[in-house]
Asker: 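So that we are looking at the same thing, I have put the structure below in structure tokens.
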Amino acid sequence: SATTGLTYDENLDHSTNPIYYAVASDQDTTDDITFSLGTDKDEDLLDIDPDTGEVTLRADADYETQSSYTFDVIATDDGDGSLSATQEITVDINDLNENPELQSGSSGTVVENLPTSTAIYTASATDQDTGDSLVFSITTDETDDSDKVAIDSSTGVVTLIESADFETQSSYTFEVVATDSGTLAD
């Protein structure tokens with residue numbers, strides 16, 4: 001029978017966080033048990049310590065790439081006839097909320113005396129999480145020009161509140177934030 005109901009968080013460091021620990025016993029107390037993996041499921045993505053039964057991923061789990069791992073653990077004794085037992089294991093990967101990443105550059109340009117509806121910068125971002133929507137905002141900061149710009153929260157288009165005049169101000173500094181519907185921000 002299969003072992004299910006096991007979970008593992010995505011993005012854990014696979015080298016220090018085993019996905020599973022195999023345990024086996026043998027009625028023949030003098031026999032040693034060696035662990036191995038099967039070959040026809042997700043075993044090519046895993047390693048097992050033959051002595052301890054510690055199963056590790058070969059790379060960090062990413063829910064958006066693979067939402068579960070199914071593999072066979074084989075326990076073999078070293079007694080007469082080398083008897084073995086096989087257990088199918090399924091580990092579900094927990095989908096954690098990941099930060100969106102801003103993809104747009106760090107500067108834009110604007111020609112002076114254009115209407116205030118003219119875009120001076122367009123923020124763009126990506127989010128690994130399936131189904132998350134992004135909202136853009138400007139961080140309010142007394143030391144920058146955040147009070148002189150507006151942003152469309154759904155498109156990321158930044159406009160000036162007043163038309164640009166190079167002789168009055170030659171550049172504008174502000175911080176754009178992208179927040180996903182899971183409330184993480186970049």
Side-chain angles (χ1 to χ4, degrees), residues 4-20 41-47 54-71 89-186:
T4 59
L6 304 171
T7 61
Y8 186 83
D9 286 344
E10 71 173 329
N11 304 326
L12 287 176
D13 179 354
H14 71 280
S15 66
T16 58
N17 294 286
I19 193 169
Y20 182 75
K41 297 182 177 112
D42 293 321
E43 290 89 356
D44 59 334
L45 305 172
L46 305 159
D47 289 312
E54 180 181 274
V55 179
T56 54
L57 290 166
R58 292 185 179 172
D60 294 350
D62 178 22
Y63 178 87
E64 288 75 22
T65 303
Q66 183 160 345
S67 62
S68 69
Y69 292 84
T70 299
F71 52 95
I89 309 296
T90 297
V91 179
D92 293 323
I93 304 303
N94 294 324
D95 186 12
L96 303 180
N97 190 20
E98 293 147 314
N99 285 330
E101 295 180 25
L102 282 168
Q103 303 295 313
S104 45
S106 60
S107 65
T109 58
V110 63
V111 176
E112 67 178 331
N113 301 321
L114 291 177
T116 57
S117 61
T118 304
I120 63 166
Y121 178 83
T122 301
S124 62
T126 59
D127 191 346
Q128 294 179 42
D129 297 317
T130 305
D132 273 359
S133 58
L134 296 175
V135 174
F136 296 98
S137 61
I138 301 287
T139 301
T140 302
D141 187 339
E142 293 178 9
T143 63
D144 68 11
D145 300 305
S146 58
D147 61 335
K148 297 177 181 176
V149 295
I151 190 167
D152 182 304
S153 62
S154 60
T155 65
V157 171
V158 178
T159 55
L160 290 171
I161 293 173
E162 294 182 13
S163 185
D165 178 9
F166 182 82
E167 288 75 28
T168 306
Q169 185 168 353
S170 62
S171 68
Y172 297 85
T173 302
F174 52 90
E175 181 178 74
V176 173
V177 176
T179 305
D180 68 15
S181 56
T183 68
L184 289 180
D186 182 22

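Atom set for the values below is all heavy atoms of this structure, side chains included, hydrogens, waters and symmetry mates excluded.
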Asker: Compare all side-chain heavy atoms of L45 with those of R58 and state whether any distance is below 4.5 angstrom.
Answerer: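 When only atoms from C-beta onward are counted, R58 and L45 do not touch, as no gap falls below 4.5 Å.
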
Asker: Got a second to check how far T139's OG1 is from I151's CD1, nearest 0.5 Å?
Answerer: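 These two atoms lie 9.5 Å from each other.
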
Asker: Atom CD1 of I120 and atom OG1 of T159: how far apart are they, to the nearest 0.5 Å?
Answerer: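 I120 CD1 to T159 OG1: 7.0 Å, rounded to 0.5 Å.
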
Asker: Under 3.5 Å, is there a donor-acceptor pair linking the side chains of S146 and D144?
Answerer: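 D144 and S146 do have a side-chain donor-acceptor pair below 3.5 Å.
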
Asker: Report, as yes or no, whether the 6.0 Å neighbourhood of atom OH on Y63 holds more than 12 heavy atoms from other residues, nucleotides or ligands.
Answerer: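 No, the 6.0 Å shell around OH holds no more than 12 heavy atoms from other groups.
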
Asker: Kindly indicate whether the side chain of L46, heavy atoms from C-beta on, has any atom under 4.5 Å from the side chain of L57.
Answerer: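 SC-SC contact between L46 and L57 confirmed.
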
Asker: Report, as yes or no, whether the 6.0 Å neighbourhood of atom CD on E167 holds more than 12 heavy atoms from other residues, nucleotides or ligands.
Answerer: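 Enclosed: over 12 neighbouring heavy atoms sit under 6.0 Å from CD of E167.
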
Asker: Which heavy atom of L6 sits nearest a heavy atom of T90, and at what distance?
Answerer: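 Of all heavy-atom pairs spanning L6 and T90, the closest is CB-O, 3.7 Å.
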
Asker: First locate atom OG of S68, then atom CG of N94, and finally report the distance between them rounded to the nearest 0.5 Å.
Answerer: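 If I round to the nearest 0.5 Å, the distance is 11.5 Å.
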
Asker: Applying side chain to side chain contact (heavy atoms under 4.5 Å, CB included) to L134 and T179, what does each step give before you reach the verdict?
Answerer: CA-CA 6 Å; L134 296 175; T179 305; over 6 Å; no

Asker: Roughly how far, to the nearest 0.5 Å, is the CG atom of D13 from the CG atom of N11?
Answerer: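 Result: 11.0 Å between the selected atoms.
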
Asker: Minimum heavy-atom separation for D152 to F136, with atom names?
Answerer: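 Shortest heavy-atom separation between D152 and F136 comes out as O-CB, 4.2 Å.
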
Asker: State, yes or no, whether a side-chain contact exists between E64 and D95 at a heavy-atom distance under 4.5 Å.
Answerer: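 Answer yes - side chains close enough.
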
Asker: Verify side chain to side chain contact (heavy atoms under 4.5 Å, CB included) between V55 and D47, making sure each step is shown before the conclusion.
Answerer: CA-CA 6 Å; V55 179; D47 289 312; over 6 Å; no

Asker: When rounded to the nearest 0.5 angstrom, what distance separates CD1 in I138 from NZ in K148?
Answerer: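 I138 CD1 to K148 NZ: 14.0 Å, rounded to 0.5 Å.
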
Asker: Indicate yes or no: at least one non-hydrogen side-chain atom of D145 is less than 4.5 angstrom from one of T173.
Answerer: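 Counting from C-beta outward, D145 and T173 do come under 4.5 Å.
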
Asker: Please answer whether the main-chain N or O of I93 pairs with a side-chain N or O of T7 as donor and acceptor at a distance below 3.5 Å.
Answerer: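 The answer is no, because no donor-acceptor pair under 3.5 Å joins these two groups.
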
Asker: Distance-only, no hydrogens or angles: does the Q103 side chain make a donor-acceptor pair with backbone N or O of E101 under 3.5 Å?
Answerer: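 Yes: the side chain of Q103 pairs with the backbone of E101.
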
Asker: Sequence neighbours left out, what pairs pass side chain to side chain donor-acceptor pair (under 3.5 Å) with at least one residue falling in residues 111-122?
Answerer: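 As it turns out, the side chain to side chain donor-acceptor pair (under 3.5 Å) pairs with a partner in residues 111-122, which skip direct neighbours, are S104-Y121.
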
Asker: Please enumerate all residues that pass side-chain contact (heavy atoms from CB on, under 4.5 Å) together with L12, with sequence neighbours excluded.
Answerer: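 side-chain contact (heavy atoms from CB on, under 4.5 Å) check on L12 returns Y8, D9, N17.
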
Asker: Going through the checks in order, is the side chain to side chain donor-acceptor pair (under 3.5 Å) test met by T143 and D141?
Answerer: CA-CA 5 Å; T143 63; D141 187 339; 2.7 Å; yes

Asker: If you round to the nearest 0.5 Å, how far is OG1 of T70 from NZ of K41?
Answerer: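 Reported to 0.5 Å precision, the distance equals 7.5 Å.
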
Asker: Apply the test side chain to side chain contact (heavy atoms under 4.5 Å, CB included) to residues I89 and Y69: give CA-CA distance (whole Å), side-chain angles for both, the deciding distance (0.1 Å), then the verdict.
Answerer: CA-CA 8 Å; I89 309 296; Y69 292 84; over 6 Å; no

Asker: Spell out, as yes or no, whether a donor-acceptor pair under 3.5 Å connects the side chain of E10 to the backbone of L96.
Answerer: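 Yes, because the side chain of E10 sits within donor-acceptor range (under 3.5 Å) of the backbone of L96.
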
